[in-house]
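Keep in mind that this is a model prediction, so the values were computed, not measured.
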Amino acid sequence: MAIYGSEMDEHRASSSRKRRSLYHNLGGGHLADVMFWKNKKESGTILAVFTLIWFLFEVVEYPFVTFICQILLISIFIFLIWSYIGSSQLIQRQPPSINDLKISESTWRFLFNKINWFIIKLYDISSGKDFRLLVLAVVSLWILSVVGNYFSSLTLLYIVFVALETIPMLYELYEEELNYAASKSGRDMKKLFKDFNSKVINKIPKANAKTRRHM
């Protein structure tokens, strides 16, 4: 245990000097705030809404068209009643104006910037400049395609969403321990491959030049 503790302390000291936090690597914006639960109320609300949507469509098997139409009907009645009550001054708060309901240009700009970033990143990976990243992307997509055979699209999206809302936060909390475990596993795998290469691969008899010429 003492050896493990000393190795962990050395790894923590060396990595803390050079690493940037995952929060800042993800941009440190509003999306990162949601993923890392900086605003617990907002992150919890988004997770609850997605969970409710998944429950309605996957567990209850609620028809999608019926759901959209009923949501629109409820919204129409709410705005109608709110406008009537607001005009009669029974309540002090006025209904929202049309400008309050518009989606701002900055939101669309942010969305298109993310789409452009994804396209550029996909092209960059496909160019093969980083072969390890290319292999990782291919393997990940293949695994995702296999997993998609066993889950519906909505369930798969829900799993991805829950993972995006939980894994970064857990990684930030246990970053040092996870990095140490990953680096130790990498060293162990390299050592295992080296031993396998020296004890098995190198002992396989190879044909010399004369044998190859006679063949």
Side-chain angles (χ1 to χ4, degrees), residues 20-123 137 140-141 143-175:
R20 293 181 66 200
S21 68
L22 182 61
Y23 175 81
H24 290 96
N25 287 333
L26 291 174
H30 185 261
L31 180 61
D33 290 341
V34 173
M35 294 173 65
F36 285 90
W37 292 70
K38 298 297 182 181
N39 187 339
K40 293 182 174 58
K41 184 178 180 181
E42 182 179 7
S43 299
T45 302
I46 293 175
L47 180 60
V49 169
F50 271 83
T51 302
L52 178 62
I53 292 174
W54 173 81
F55 180 80
L56 286 174
F57 293 138
E58 288 297 320
V59 180
V60 183
E61 297 183 353
Y62 204 78
F64 178 75
V65 176
T66 303
F67 175 77
I68 295 297
C69 292
Q70 290 183 353
I71 289 294
L72 293 176
L73 285 172
I74 292 173
S75 301
I76 290 173
F77 282 119
I78 288 176
F79 284 123
L80 178 64
I81 296 173
W82 196 352
S83 300
Y84 176 77
I85 295 176
S87 62
S88 61
Q89 297 183 349
L90 294 177
I91 58 175
Q92 298 296 326
R93 188 170 182 177
Q94 295 293 322
S97 64
I98 187 63
N99 293 326
D100 296 331
L101 300 176
K102 288 182 179 179
I103 301 177
S104 63
E105 293 183 3
S106 60
T107 303
W108 290 113
R109 195 178 302 114
F110 172 81
L111 179 62
F112 285 121
N113 286 337
K114 291 300 179 182
I115 294 175
N116 289 331
W117 174 87
F118 177 77
I119 295 173
I120 293 171
K121 195 68 176 178
L122 182 64
Y123 177 80
S140 300
L141 289 173
I143 293 175
L144 191 62
S145 66
V146 173
V147 173
N149 291 327
Y150 302 96
F151 298 96
S152 66
S153 300
L154 184 60
T155 299
L156 196 59
L157 288 175
Y158 178 71
I159 293 173
V160 171
F161 174 78
V162 172
L164 289 175
E165 274 232 331
T166 53
I167 291 177
M169 180 186 62
L170 294 175
Y171 177 79
E172 189 82 356
L173 291 175
Y174 303 102
E175 183 173 1

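- Take E105 and apply the salt bridge (charged side-chain N to carboxylate O under 4.0 Å, His left out) test, not counting sequence neighbours, and it matches R109.
- With rounding to the nearest 0.5 Å, the separation of CG in N113 from CH2 in W108 is 13.5 Å.
- In this view, F67 and F57 satisfy the ring-ring contact (aromatic ring centres under 6.0 Å, His included) rule, not counting sequence neighbours.
- In this structure, CZ in F118 is found 12.0 Å from CD1 in I120, a value given to the nearest 0.5 Å.
- The structure places CG of L56 at 12.0 Å from OG1 of T66, a figure rounded to the nearest 0.5 Å.
- Separation of atoms CG (L47) and CG (L52) is listed at 11.5 Å; rounding is to 0.5 Å.
- Under the side chain to side chain donor-acceptor pair (under 3.5 Å) criterion, S152 pairs with E58, T155, sequence neighbours left out.
- Atom CG in N116 sits 9.5 Å away from atom CG in L111 (nearest 0.5 Å).
- Nearest approach of W37 to G44, heavy atoms of both residues: CZ3-N, 3.6 Å.
- If you take CD1 on I53 and OH on Y62, they are separated by 13.5 Å, rounding to the nearest 0.5 Å.
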Pairs under 3.5 angstrom only: tabulate donor-acceptor contacts from the side chains of residues 157-168 to other protein residues two or more places apart or in another chain.
from	atom 1	to	atom 2	distance (Å)
Y158	OH	T51	OG1	2.8
T166	OG1	V162	O	2.6

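- Residues passing the side-chain contact (heavy atoms from CB on, under 4.5 Å) test with L73: none are found, sequence neighbours excluded.
- Between L156 and V147 the shortest heavy-atom distance is CD1-CG1, 3.9 Å.
- In this structure, the side chain to side chain donor-acceptor pair (under 3.5 Å) partners of S106, at least two apart in sequence or on a different chain, are S104.
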